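Treat the numbers as computed from the prediction; the structure is a model and nothing was measured.
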Amino acid sequence: MAQSLYDLLRSWMLPLKEIDRLIPRKGRIVDLGCGEGVTAKYLAHIKSRTIIGVDNNKKRLQKSTLKNLQFKLADIRKYPLKKADTVIFSDVLHHLSYVDQKVLLAKVAKALKKNRLLLIKEIDTKEFVRSSLSRFWDFVFYPKDKIYYHDSEKFKTELEKLGFIVEVIRASRLFPGSTTLFVCQKS
Ligand SMILES: C[S@@+](CC[C@H](N)C(=O)[O-])C[C@H]1O[C@@H](n2cnc3c(N)ncnc32)[C@H](O)[C@@H]1O
């Protein structure tokens with residue numbers, strides 16, 4: 001699929017305006033599992049942000065043409081987060097096993113200082129129809145992957161246990177899928 005067509009499709013699937021509104025206007029923002037970097041590129045329009053997109057798929061990772069945007073090839077489970085001010089997971093966690101998610105989220109919680117932000121875009125199994133549609137999209141794009149979704153209420157509790165104040169936002173109603181944002185502020 002041509003890159004710009006993929007970017008267009010992905011932009012439709014993602015609540016980019018909402019994500020942009022929630023992400024701080026400055027600081028080091030690490031987009032873990034950035035893929036083609038649709039979110040990272042969108043956020044980089046604010047020059048006081050430094051965006052690092054990390055992905056382990058060489059074919060998806062692009063070359064940045066922007067000064068405040070870098071892409072890095074790495075396994076997000078091993079990527080150092082000490083300098084991060086904001087961490088983003090956009091449709092990434094459900095590609096990791098529940099155990100890996102737990103370990104990685106605990107690592108993020110440990111790395112982020114007070115009041116810093118973790119933003120997660122995920123599928124909510126509580127939205128039965130929408131999450132079933134998301135399962136269809138995941139099957140189309142990732143037929144070989146095992147998928148690990150969450151129930152938003154239980155996931156919120158898990159994130160709170162890690163020391164976050166969590167707000168759950170149903171971000172977009174237009175896309176036929178679940179677009180739930182977990183806005184997690186470190187307490
Ligand atoms: C559904 S895509 C989402 C891409 C992007 N975040 C977005 O919203 O458009 C999931 C991405 O996570 C990446 N990914 C999955 N497991 C990973 C890992 N262990 N390390 C780095 N990237 C990983 C995949 O390569 C893929 O690009």
Side-chain angles (χ1 to χ4, degrees), residues 1 6-7 9-20 22-23 30-40 42-43 53-57 60 74-79 81 86-112 117-186:
M1 197 186 309
Y6 179 85
D7 278 21
L9 192 65
R10 200 66 198 132
S11 311
W12 176 54
M13 292 177 157
L14 291 169
L16 289 173
K17 276 192 189 153
E18 192 69 5
I19 292 173
D20 188 37
L22 292 162
I23 296 294
V30 184
D31 182 3
L32 292 175
C34 64
E36 287 74 2
V38 174
T39 304
Y42 191 89
L43 294 175
V54 184
D55 207 285
N56 65 353
N57 187 332
R60 309 192 82 175
D75 186 326
I76 56 173
R77 292 167 298 183
K78 295 178 188 152
Y79 190 76
L81 292 169
T86 301
V87 172
I88 302 173
F89 290 108
S90 168
D91 282 338
V92 175
L93 288 177
H94 62 254
H95 292 276
L96 301 178
S97 72
Y98 289 123
V99 173
D100 279 356
Q101 290 187 36
K102 211 171 177 169
V103 173
L104 184 51
L105 287 168
K107 186 179 156 186
V108 173
K110 201 173 166 203
L112 288 181
L117 192 81
L118 160 66
L119 185 76
I120 302 171
K121 191 278 171 197
E122 260 307 325
I123 314 304
D124 178 10
T125 54
K126 266 202 166 343
E127 296 187 300
F128 178 73
V129 176
R130 285 181 176 276
S131 64
S132 305
L133 289 164
S134 292
R135 189 67 196 82
F136 166 77
W137 292 112
D138 268 321
F139 179 71
V140 170
F141 289 110
Y142 307 93
K144 289 183 190 153
D145 278 20
K146 212 170 162 200
I147 298 296
Y148 303 86
Y149 291 159
H150 286 276
D151 166 315
S152 59
E153 237 169 76
K154 288 185 191 149
F155 193 40
K156 181 174 184 267
T157 307
E158 270 181 49
L159 292 163
E160 285 167 345
K161 280 187 194 156
L162 290 172
F164 290 105
I165 297 162
V166 184
E167 188 189 354
V168 181
I169 299 176
R170 307 250 172 264
S172 163
R173 308 314 288 179
L174 288 175
F175 172 67
S178 175
T179 51
T180 306
L181 294 178
F182 297 83
V183 188
C184 315
Q185 191 182 30
K186 186 72 191 297

> Under 4.0 Å between a Lys/Arg side-chain N and an Asp/Glu carboxylate O for Asp75 and Arg77?
Replying inline: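 Counted as a salt bridge, because a side-chain N and a carboxylate O are separated by less than 4.0 Å.
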> Would you call Glu160 and Lys156 a salt bridge, using N to O less than 4.0 angstrom?
Replying inline: yes
>> For a 4.5 angstrom cut-off between non-hydrogen side-chain atoms, does Tyr79 reach Val30?
In response: yes
>> When you compare the side chain of Phe175 with that of Leu14, does any pair of heavy atoms fall below 4.5 Å?
In response: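 No; the side chains remain at least 4.5 Å from each other.
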Determine yes or no for a side-chain-to-main-chain donor-acceptor pair under 3.5 angstrom, with [X] supplying the side chain and [Y] the backbone.
| X | Y | result |
| --- | --- | --- |
| Asp145 | His95 | no |
| Glu167 | Val183 | no |
| Asp31 | Gly53 | no |

> side chain to side chain donor-acceptor pair (under 3.5 Å) between Arg170 and Thr180: does it pass, once the steps are laid out?
Replying inline: CA-CA 5 Å; Arg170 307 250 172 264; Thr180 306; 3.2 Å; yes
> Which of these passes side-chain contact (heavy atoms from CB on, under 4.5 Å) with Ser178: Lys126, Arg135, Arg130, Glu122?
Replying inline: Arg130
> Does one side chain, of Tyr149 or Asp138, offer a donor that lies under 3.5 Å from an acceptor on the other?
Replying inline: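 Yes, Asp138 and Tyr149 have a side-chain donor paired with an acceptor closer than 3.5 Å.
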> Between atom CD1 of Ile19 and atom OG1 of Thr39, what is the distance when rounded to the nearest 0.5 Å?
Replying inline: 5.0 Å
> Hey, what do you get for CD1 (Ile123) to CZ (Phe155), rounding to the nearest 0.5 Å?
Replying inline: 11.5 Å
> For Glu158 and His150, what are the C-alpha separation, side-chain angles and deciding distance, and is it a side chain to side chain donor-acceptor pair (under 3.5 Å)?
Replying inline: CA-CA 11 Å; Glu158 270 181 49; His150 286 276; 4.5 Å; no
